[in-house]
Visitor: 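I'd like to ask you about the structure that follows.
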Amino acid sequence: MSAAPPIFNAATRRIFVLAAVVFALDQFTKWLVLRCIVEGDEHIIIPGFFNLAHRVNTGAAWSMFTGNNALLAAVAITALVLLFVFRRHFNAERILGQFAFGLIFGGIIGNLTDRLLPGRHAVVDFLHFYMQRRGSYEMLDFPAFNVADSAICTGVAIILLINWRTDSVPKPAQ
């Protein structure tokens with residue numbers, strides 16, 4: 001059994017660099033939304049399909065657990081610590097795994113920052129996709145989300161794919 005990797009080895013540095021890029025992009029886009037769109041407003045970009053919006057969410061996905069901002073911040077911090085400690089169990093030694101963890105860490109830190117910033121205390125969402133039936137006001141609506149949410153979902157999907165592919169490879173006989 002090999003020893004745990006050093007905390008600041010090349011793989012960990014790559015994860016942190018990508019996390020910092022995701023965090024910066026997430027916070028920059030939210031800053032733009034806060035400056036340019038009044039809370040609750042939407043700007044139509046592709047009619048019947050995509051709007052830029054300004055929504056706030058004190059809950060989790062689909063506004064579950066609304067009003068539990070402090071609890072969700074504690075969950076995010078716990079998740080960050082546990083994911084960092086156990087990252088080697090999820091193929092973080094591979095470049096694709098490092099990419100996935102960089103996305104996840106950057107996304108979690110981006111939304112956590114929203115929850116903890118004085119004056120904000122809620123996650124800023126602004127990408128709103130929907131489909132509107134022709135000749136009707138009826139919509140198939142997807143909740144608004146942000147860069148951090150996209151990074152987390154993409155990172156988790158990559159981890160699942162890596163582990164599914166690893167598990168499906170036959171083990172050599174011993």
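As a basis for the values below, the full set of heavy atoms in this structure was taken, side chains included, without hydrogen atoms, waters or symmetry mates. Since we're looking at a predicted model, the values are computed, not measured.
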Visitor: Evaluate the side-chain proximity of N9 to T12: yes if any heavy-atom separation is below 4.5 Å, no if none is.
Guide: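 Sidechains of N9 and T12: in contact.
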Visitor: Look only at the side chain of N68 and the backbone of L71, and say whether a donor-acceptor pair between them is shorter than 3.5 Å.
Guide: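 No; zero donor-acceptor contacts below 3.5 Å.
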Visitor: Measuring centre to centre across the rings, with the benzene-like ring taken for any Trp, is F129 within less than 6.0 Å of F50?
Guide: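 When the ring centroids of F129 and F50 are compared, they turn out to be within the sub-6.0 Å range.
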Visitor: Measure the shortest side-chain to side-chain distance between R13 and F16 over non-hydrogen atoms and say whether it is less than 4.5 angstrom.
Guide: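 No; the side chains remain at least 4.5 Å from each other.
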Visitor: Identify the heavy atoms of A148 and N111 that sit nearest to each other, and give their distance.
Guide: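 Nearest pair, atom of A148 first, then N111: CB-OD1, 3.4 Å.
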Visitor: In the structure I gave you, are the side-chain heavy atoms of N69 and L116 within less than 4.5 Å of one another anywhere?
Guide: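 They are not in side-chain contact.
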Visitor: Can you confirm whether or not the ring centre of F126 sits under 6.0 Å from the ring centre of H128?
Guide: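 No, the ring centres sit 6.0 Å or more apart.
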Visitor: Do L83 and F105 have side-chain heavy atoms sitting under 4.5 Å apart?
Guide: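 Yes; the side chains approach each other to less than 4.5 Å.
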Visitor: Can you list every pair that meets salt bridge (Lys or Arg N to Asp or Glu O under 4.0 Å) and has a residue in residues 32-52, with sequence neighbours left out?
Guide: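 For residues 32-52, and leaving out neighbouring residues, the salt bridge (Lys or Arg N to Asp or Glu O under 4.0 Å) pairs sorted by first residue read E42-R55.
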Visitor: Take the angle between the ring planes of F145 and F142 and call it parallel below 30°, perpendicular above 60°, tilted in between.
Guide: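 Perpendicular: the ring planes of F145 and F142 meet at over 60°.
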Visitor: In terms of hydrophobic clustering (I, L, V, M, F, W, Y; side-chain heavy atoms under 4.5 Å; direct or indirect links), are F99 and I95 co-clustered?
Guide: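 Each belongs to a different hydrophobic cluster.
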Visitor: Going only through I, L, V, M, F, W and Y residues with side-chain contacts under 4.5 Å, is there a path from F84 to I108?
Guide: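 Looking at the clustering, I108 is in the same group as F84.
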Visitor: Using the side-chain contact (heavy atoms from CB on, under 4.5 Å) definition, which of the options L117, I77, L72 pairs with L112?
Guide: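 Running side-chain contact (heavy atoms from CB on, under 4.5 Å) over L117, I77, L72 with L112 returns exactly one hit, I77.
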Visitor: With a 4.5 Å cut-off on side-chain heavy-atom distances among I, L, V, M, F, W and Y, is there a chain of contacts connecting L127 to V123?
Guide: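 In one cluster: no.
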Visitor: Does the Lys NZ or Arg CZ of R87 fall within the cation-pi geometry relative to F90 - under 6.0 Å from the ring centre and within 45° of the axis?
Guide: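 R87 over F90 ring: no.
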Visitor: Which residues pass the ring pair (Phe, Tyr, Trp, His ring centres under 6.0 Å) test with F65, not counting sequence neighbours?
Guide: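 So F65 forms no ring pair (Phe, Tyr, Trp, His ring centres under 6.0 Å) with any residue.
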Visitor: Check whether N51 reaches the backbone of A53 with its side chain - one donor and one acceptor, N or O, closer than 3.5 Å.
Guide: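 Not at all, since once roles are kept as given, no pair shorter than 3.5 Å links the two residues.
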Visitor: Between T29 and V33, is the side chain to side chain contact (heavy atoms under 4.5 Å, CB included) condition met? List the steps.
Guide: CA-CA 6 Å; T29 55; V33 167; 5.7 Å; no
Visitor: Which heavy atom of A92 sits nearest a heavy atom of R88, and at what distance?
Guide: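 Closest pair (atom of A92, atom of R88, distance): CB-N, 4.3 Å.
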Visitor: Do V124 and I45 sit in one hydrophobic cluster, given that two such residues count as connected whenever their side-chain heavy atoms are within less than 4.5 Å of each other, even indirectly?
Guide: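 In one cluster: yes.
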Visitor: Please give me the minimum heavy-atom distance between N146 and D26, naming the atom from each residue.
Guide: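 Where N146 meets D26 most closely, the heavy atoms are OD1-OD1, 3.8 Å.
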Visitor: Once salt bridge (Lys or Arg N to Asp or Glu O under 4.0 Å) is applied, what residue pairs with a partner in residues 108-132 remain, sequence neighbours excluded?
Guide: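 Pairs touching residues 108-132 that pass the test: K30-D114, D114-R120.
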Visitor: Does V156 belong to the same Ile/Leu/Val/Met/Phe/Trp/Tyr cluster as F101, with side-chain heavy atoms less than 4.5 Å apart forming each link?
Guide: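 As far as the 4.5 Å side-chain criterion goes, F101 and V156 are connected within one cluster.
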Visitor: Give the minimum heavy-atom separation between A122 and V56, together with the two atoms involved.
Guide: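 That would be CB-CB, 4.0 Å.
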Visitor: Test of understanding: with side chain to side chain contact (heavy atoms under 4.5 Å, CB included), list the residues that count as partners of A151, not counting sequence neighbours.
Guide: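 Checked A151 against side chain to side chain contact (heavy atoms under 4.5 Å, CB included); matches are V22, L103.
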Visitor: Please identify each residue that fulfils ring pair (Phe, Tyr, Trp, His ring centres under 6.0 Å) with F23, with sequence neighbours left out.
Guide: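 Partners of F23 by the ring pair (Phe, Tyr, Trp, His ring centres under 6.0 Å) criterion come out as none, since no residue qualifies.
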Visitor: Return the set of residues passing ring pair (Phe, Tyr, Trp, His ring centres under 6.0 Å) with H54 (not counting sequence neighbours), or none when no residue passes.
Guide: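 For H54, no residue satisfies ring pair (Phe, Tyr, Trp, His ring centres under 6.0 Å) once neighbours in sequence are set aside.
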Visitor: Within a strict 4.5 Å, meaning less than it, do heavy atoms of the I104 and I158 side chains meet?
Guide: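 Contact flag for I104/I158 side chains = no.
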Visitor: Side-chain contact, heavy-atom cut-off 4.5 Å: I37 with L52?
Guide: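 Heavy-atom side-chain distance check passes, below 4.5 Å.
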Visitor: When you look at L18 and Q98, which way does the side chain to side chain contact (heavy atoms under 4.5 Å, CB included) test go after all the steps?
Guide: CA-CA 9 Å; L18 181 56; Q98 294 159 25; over 6 Å; no
